[in-house]
Each structure stands twice: as C-alpha cells, then as structure tokens.
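Report on the structure given below.
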Amino acid sequence: MFPLLWQLFLAALAVSAASPSKTVLEAKLKRNNFPVSPFVTTRGGEFFVNGSQFKFVGTNAYWLHALNTEEDIDNTLAAIRAANFTVVRTWAFNDVDTIPDTGTWFQLISNGTVAINDGPNGLQKLDKVIELAQKHGLYVLLSLTNNWSPIPGLDSPLPPGFNPIQNQEPQGSGSNATLPRNALSNSYGGMDTYIRNFGGHQEHDQFYVNETIINAFKNYTTTIASRYANHSNVFGWELANDPRCNSSLPASTRCEARNVTQWHSTIAKHVKTVDSNHLVSSGLLKERKAALKKERERQKRSGKLSGGVNVRGRWTASETKRQADLSPGPAFDGTHGVDSEDIINIPQIGFGSFQLFPDQYDYSSSTLDTNLPPFNQTLQTGLDWIRRHAEAGRL
Ligand SMILES: *[C@@H]1O[C@H](CO)[C@@H](O)[C@H](O)[C@H]1NC(C)=O
Ligand SMILES: *[C@@H]1O[C@H](CO)[C@@H](O)[C@H](O)[C@H]1NC(C)=O
Ligand SMILES: *[C@@H]1O[C@H](CO)[C@@H](O)[C@H](O)[C@H]1NC(C)=O
Ligand SMILES: *[C@@H]1O[C@H](CO)[C@@H](O)[C@H](O)[C@H]1NC(C)=O
Ligand SMILES: *[C@@H]1O[C@H](CO)[C@@H](O)[C@H](O)[C@H]1NC(C)=O
Ligand SMILES: *[C@@H]1O[C@H](CO)[C@@H](O)[C@H](O)[C@H]1NC(C)=O
Ligand SMILES: *[C@@H]1O[C@H](CO)[C@@H](O)[C@H](O)[C@H]1NC(C)=O
Ligand SMILES: *[C@@H]1O[C@H](CO)[C@@H](O)[C@H](O)[C@H]1NC(C)=O
Ligand SMILES: *[C@@H]1O[C@H](CO)[C@@H](O)[C@H](O)[C@H]1NC(C)=O
Ligand SMILES: *[C@@H]1O[C@H](CO)[C@@H](O)[C@H](O)[C@H]1NC(C)=O
C-alpha cells in the first residue's frame, strides 16, 4: 500500500524446483543453446543476463523522475549503486488531471481524453533516470500504474490514532494530507485518476473491466514500453503497484479475483506485443493446465501446499505488533480481489514479487515457535512468508 516502505521487493518466484548451482545452470543453458540475451531473462527459476546468472539486491525509489534536477537524480543513483544495489524499482507513470504549474508530469487525463507530456518536465525526465541508471550500472524495474492515488483532503482519512509522521507513512496515502505533488506522497496519479476523469461508474474495479479505460491504459503502456523496448538496463515491467479491487474509490460488489487476473493477462500480452525484450511482472490468470491445477488442489486439500495450516497464505493482523494493521491485506490468497498464485501462472508473466513488512505486519506461520523472543518470531515468520511465496511460484 505504501510504496515508500517497500524496500524488499524482488524474489524470483518464476517456476523452478530446487535452485541448481550457477555453473550447472549455465552449462545447461549452453547445452540447450538458449540464446544469450543482453536483456534480463529467466530460466529454471533464475534470472540471466548475457548468458550469466544475475543475482542482485534491489531497492525502491519510486520518486526518481520527480527529483528537481539531473544532478539530484545522478547523485541519488550513485548513492544507490555505492550501497551495492543493482536494481531500482521506480514509477514510469505520473498522471495529472490538470497541468501543474511546477513539477514533473507524464500524462494528462482529463474529461475522457489523454495526452502525453514529452517535454523536459515529462518523459524526458524518465529518459534521464534510465540513462543515468545505466551510467551507474543499475537496472530499473518500471511500474506502469498504481492502485493508490488518493486525493489529499478528499479521500478517507487514516484511522484514529494513526500518526503518519511518527510511523513514516507518506501523507497522502489515503490521508487528509496537504503535501504538494511530487513530494514523498502518493500523488502520482494511477488507476483512480483514469476512473475519475473518464467519468463513468466511480468504482475502482472499472479500471480492470471497462474497455474504454483499458484501452486508454494500453495506449499509455504502448507509449512507454516502445520508448524503452531496446534499453538493456530496463529490468522489466511491473504492471501495477498493489493492484486489487479496492482503493480510494471503492470496489463494486461485482469485483472478483478473476477480474484482476484477467486484466493482468490482457495487459501483459499487450506489453509483450510492444516490447518482447523485457520481462513482465505481476498479473494473473492463465487457465492452469488441468493436471497442474488438479495437483495443486490436491496439495491444498491435504495441507501440503504451505505447511499445513494457512493453506493460502492468509495472514492475521495482531495488535501486539508495533503498528496496528492498516493494510487491506496481502495480495496472495484472493481475499482482496487478487490471486497472485494465479497471476504468476500467466504465460507472459516472467516473475513474481512479494511484499514483506517485518516490522509492521504479522504473517501467521504454521511453524512459529511462540516461545522465541519477538525478534526471532518476526524473523521466523518472515522466512516462512518467503518460503510460502517461493512454493507458490514453483507451482
Ligand atoms: C551485458 O552486456 C552488455 C553489453 O555488453 C553490458 O552493457 C552489460 O553491462 C552486461 N550486463 C551484465 C549484468 O553483465
Ligand atoms: C559493496 O561491495 C563491495 C565488493 O563486494 C564491498 O567491498 C563493499 O564493502 C560493499 N559496500 C557496501 C556499502 O556494502
Ligand atoms: C468534456 O467532453 C465532453 C464531450 O467531448 C464535452 O461535451 C464537455 O464540454 C467536456 N467538458 C469539459 C469540462 O471540458
Ligand atoms: C493514445 O495516446 C496518444 C498519445 O498520448 C493520444 O494522443 C491519443 O489520444 C491516445 N488515444 C486514446 C484512444 O487514448
Ligand atoms: C484536514 O485537516 C485540516 C487540518 O489538519 C482540517 O482543517 C480539515 O478539516 C481536514 N479535512 C478533512 C476533509 O478532513
Ligand atoms: C466505461 O467507461 C466509460 C467512460 O467512463 C463509460 O462511458 C462507459 O459507460 C463505461 N462502460 C461500461 C460498460 O460501464
Ligand atoms: C529495437 O531495435 C530493433 C533492432 O535494432 C528494431 O528493429 C526495433 O524497431 C526497435 N524497437 C523499438 C521499439 O524501437
Ligand atoms: C468480474 O468477472 C465476472 C466473470 O466474468 C463478471 O461476472 C463480473 O461482472 C466481473 N466484475 C465486474 C466488476 O465487471
Ligand atoms: C473493500 O473495502 C471495504 C471496506 O474495507 C470492504 O468492506 C470490502 O469488502 C472490500 N471489497 C473488496 C472486494 O475487497
Ligand atoms: C534470535 O536471533 C538472533 C539473531 O539471528 C540469534 O543470535 C539468537 O540466537 C536467536 N535466539 C534464539 C532464542 O533463537
């Protein structure tokens, strides 16, 4: 929900059993004559670049393009590289409904029409981010839209007692905030900006099901994906941050996981037709091969899928944690209109990711030893969370 805190973002959930050694994998690649690609690809559940396995630690800096000067962007990327990160996730969208006096914007969405800003405070800023990332030896994972785009002061305030400063949440994430655009806030547009300015049903899931809005978004992805299709330091495309039924605009009662899954499939296919070089991440729902589906069902029934108790990664919020639970939950088990297990099975989806907020949420673990000190419990549930996602990615 809060991208500012999303520090831990990438995991190769892309289909594989046990992780073979680097040399074994590389030998296998050679034997099978896999094309050596300068782009990031996946084979056997691992990432590859230039024929070699690519292991990395990534970080999140969604606001890079909104920094004021080229020098700021350059310095930030230099610092990120100096800390030994080699992948940076960042926003490749910035939607507005009126042209702002100052600051960066990429797309004007107004009264049912869209227009791209190609100028120095528009996509040229994103060009610069990608160029400077390359200079520093960094790959960029580009997100194409956001589930969250609350209007400060208009959308629902944060729960009583929640202090956005103390808890370091970006004001604007559903709060009554007054921070200006392009500060550390969520004011970068996103799904609700389309819905609000296309003027149809004011329901968040219109973004996933309404043909007019889907076409407008496809159009945006065409612009962006074609612009960077040949850039080898683009890690891949992330279709959306935190996609789900609900947002500042509420979900309709007809929103289901399959709507969100279908959307992922539609958009992933579209991005691949524009840019076949790069991986696409997040999204859902190919129909599983029947046998695979049956086996997964069997494992689920027998409890084998995730250690016996929490069959589909359902977590519980606990008041004993430092922060009360504010999130609408994990996008893992279908509860919030998202089934990430289905999404990573979409053929065009190259890898999955998961979120882990070890200091904020309690991820129930079937194997948790409650006699351990709190730190060790957190560690154990975190490791279990990663393991469960990795298992889901293999199925
Ligand atoms: C892959 O090769 C390209 C072209 O030679 C080079 O620019 C890039 O740095 C290489 N990437 C890695 C991860 O080695
Ligand atoms: C980055 O990696 C290099 C090489 O492994 C190491 O010498 C250096 O200490 C690392 N820097 C940080 C900030 O961890
Ligand atoms: C929005 O577009 C419609 C149809 O093109 C037009 O009739 C209307 O005047 C526009 N409204 C505004 C506020 O521009
Ligand atoms: C597609 O994008 C272009 C460039 O922003 C814009 O001019 C055009 O109106 C868009 N078309 C649709 C159907 O949204
Ligand atoms: C937002 O907060 C300001 C002052 O903090 C207050 O005056 C205003 O009424 C609040 N607006 C809403 C919509 O809650
Ligand atoms: C889709 O959205 C457009 C624009 O908001 C609206 O005019 C149209 O009625 C919507 N279609 C459906 C089927 O709801
Ligand atoms: C990418 O490069 C290839 C080969 O140079 C070229 O054919 C293609 O048009 C380029 N794609 C884009 C979207 O620029
Ligand atoms: C979601 O998909 C189902 C099945 O196709 C459909 O019945 C339902 O109307 C969809 N939801 C929305 C909001 O369109
Ligand atoms: C959306 O959020 C509301 C309020 O939290 C909740 O009652 C509803 O079940 C949610 N709907 C979906 C589809 O997640
Ligand atoms: C808790 O974790 C710390 C750090 O990994 C470790 O040193 C310590 O032994 C653990 N304590 C217990 C009781 O497992």
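Nothing fancy with the numbering, it's 1 onward along the sequence. Start at 1 and go down the list; that is how both ligands and their atoms are numbered.
Distances below 4.0 Å separate heavy atoms of L372 from the following atoms of ligand 10: 13 (C), 14 (O). Using a 4.0 Å cut-off to heavy atoms of F375, the atoms of ligand 10 that qualify are 2 (O), 4 (C). For ligand 1, the atoms lying closer than 4.0 Å to a non-hydrogen atom of V49 are 11 (N), 12 (C), 13 (C). In the vicinity of N376, heavy-atom distances shorter than 4.0 Å reach the ligand 10 atoms 1 (C), 2 (O), 3 (C), 8 (C), 10 (C), 11 (N), 12 (C), 14 (O).
Protein heavy atom nearest atom 14 (O) of ligand 2, with residue, atom name and distance: N84 ND2, 3.4 Å. Looking at atom 13 (C) of ligand 1, its nearest protein heavy atom turns out to be Y139 OH, 3.4 Å.
Results of the ring pair (Phe, Tyr, Trp, His ring centres under 6.0 Å) test with Y139 over F39, F56, F85, F54 single out F54 as the only residue that passes.
Aromatic rings from F217 and W263 are positioned such that their centres are separated by under 6.0 Å. In this structure, H278 has its ring center no closer than 6.0 Å to that of Y228. The distance between the ring centers of Y194 and Y220 does not fall below 6.0 angstrom.
In terms of polar-atom proximity, N50 is counted as a contact of ligand 1, with an N or O under 3.5 Å from an N or O of the ligand.
When non-hydrogen atoms are compared, ligand 1 lies under 4.0 Å from neither the backbone nor the side chain of F47.
A side-chain donor from one of D192 and S247 sits under 3.5 Å from a side-chain acceptor of the other. Under the 3.5 Å distance criterion, with hydrogens and angles disregarded, a donor-acceptor pair is assigned to the side chains of D74 and H136.
Distance screen at 4.0 Å: atom 2 (O) of ligand 10 has a protein heavy-atom neighbour inside the cut-off.
Across R81 and L138, no two heavy atoms sit closer than the pair CD-CD2, 3.7 Å.
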